[in-house]
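Notes to accompany the following structure.
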Amino acid sequence: MLNNTYRDPGKGAISYADQIFVGKTRDEISVLLPAFLNGDLNEPNQKRIKRCDYCNYWFYDESLRNTKRTCCDDCKTSYKTLQTAKRRAEKALFNPKPKKERLQDLYLWWLEYPFWANEYAMLKIGWKFERPMSLSRLDYIHNGKDGYGTGNKRKTKGLPDYHGDKRDEI
């Protein structure tokens, strides 16, 4: 299957195209370019002319055993990077990493009556939001309400009523 997506050409593809188009004018190159991209200008019996797996341009394989798949080292690195990204994406799709369970996830807050599914989680995390208090601390808070009332404004103490006769003694 022919891949028609082209990327920036590598050094090997540029040098091969330079060999094909050397000495030709811009008009001649514009006419020959579609045939070059289709591979019509390549010699049919030449097995060293291949398409780069990454940039998809034609190049001449100069390796000893004719086993290169990319036109240069930059294309090879980029191709390996794409392969790694594809492999990781497939691995994540077919074998997703399980989500690590946290103690906070054991609080079922979305129900009509929210509750903790685990008492240990409630004790480890719940104290940060609802701290337990000693009886002396609760007494201190309750007695403070006598002076302030239910709001934040301090009640006026006022003067005691002495029925007028004992007022002069003070």
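This structure is a prediction, so every number in the text was calculated from the model and none was measured.
- Each of Trp58 and Val22 belongs to its own hydrophobic cluster when Ile, Leu, Val, Met, Phe, Trp and Tyr are linked at side-chain heavy-atom distances under 4.5 angstrom.
- In this pair, Tyr57 and Tyr6 present their aromatic rings tilted. The plane angle is within the 30 to 60° band.
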Which atom pairs, donor and acceptor, lie under 3.5 Å between side-chain atoms of residues 114-123 and protein residues at least two apart or in another chain?
unit_1 : atom_1 : unit_2 : atom_2 : d
Asn118 : OD1    : Tyr120 : N      : 3.0

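- Applying the side-chain hydrogen bond (donor to acceptor under 3.5 Å, both in side chains) test to residues at least two apart or on different chains, the pairs with a partner in residues 8-23 are Tyr16-Asn42.
- Taken together through direct or relayed side-chain contacts under 4.5 Å among Ile, Leu, Val, Met, Phe, Trp and Tyr, Val31 and Leu41 form parts of separate hydrophobic clusters.
- Ile141 shares a hydrophobic cluster with Met133, Leu135, Leu138; the chain of contacts runs through ILVMFWY side chains whose heavy atoms sit under 4.5 Å apart.
- For the atom pair SG (Cys71) and OH (Tyr54), the distance works out to 10.5 Å, reported to the nearest 0.5 Å.
- Residue pairs satisfying the side-chain hydrogen bond (donor to acceptor under 3.5 Å, both in side chains) criterion with at least one member in residues 60-73, sequence neighbours excluded, are listed as follows: Lys50-Asp61, Lys50-Asn66, Asp53-Arg69, Asp61-Ser63.
- Within the structure, no pair that satisfies the side-chain hydrogen bond (donor to acceptor under 3.5 Å, both in side chains) test touches residues 22-36, not counting sequence neighbours.
- Under the ring pair (Phe, Tyr, Trp, His ring centres under 6.0 Å) criterion, Tyr140 pairs with no residue at all, not counting sequence neighbours.
- In terms of heavy-atom proximity, Cys55 sits nearest to Gly10 at SG-N, 3.9 Å.
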Kindly determine whether Ile29 and Phe36 satisfy side chain to side chain contact (heavy atoms under 4.5 Å, CB included), including the steps that lead there.
-> CA-CA 9 Å; Ile29 291 174; Phe36 172 72; over 6 Å; no
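- The distance from the OG1 atom of Thr77 to the CG atom of Leu82 is 11.0 Å, given to the nearest 0.5 Å.
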When the side chains of residues 87-102 are checked against the rest of the protein, which donor-acceptor pairs come out under 3.5 Å, sequence neighbours left out?
unit_1 : atom_1 : unit_2 : atom_2 : d
Arg102 : NH1    : Gln104 : OE1    : 3.3
Arg102 : NH2    : Asp105 : OD1    : 3.4

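- Using a 4.5 Å cut-off between side-chain heavy atoms of Ile, Leu, Val, Met, Phe, Trp and Tyr, with links allowed through other members, Ile20 and Ile14 fall into different hydrophobic clusters.
- By the rule that hydrophobic residues join a cluster once side-chain heavy atoms approach within less than 4.5 Å of another member, Phe59 and Tyr79 end up as members of separate clusters.
- By the side-chain contact (heavy atoms from CB on, under 4.5 Å) test, Ser134 pairs with Ser136, Arg137, sequence neighbours left out.
- Rounding to the nearest 0.5 Å places OH of Tyr107 at 11.5 Å from CD1 of Ile125.
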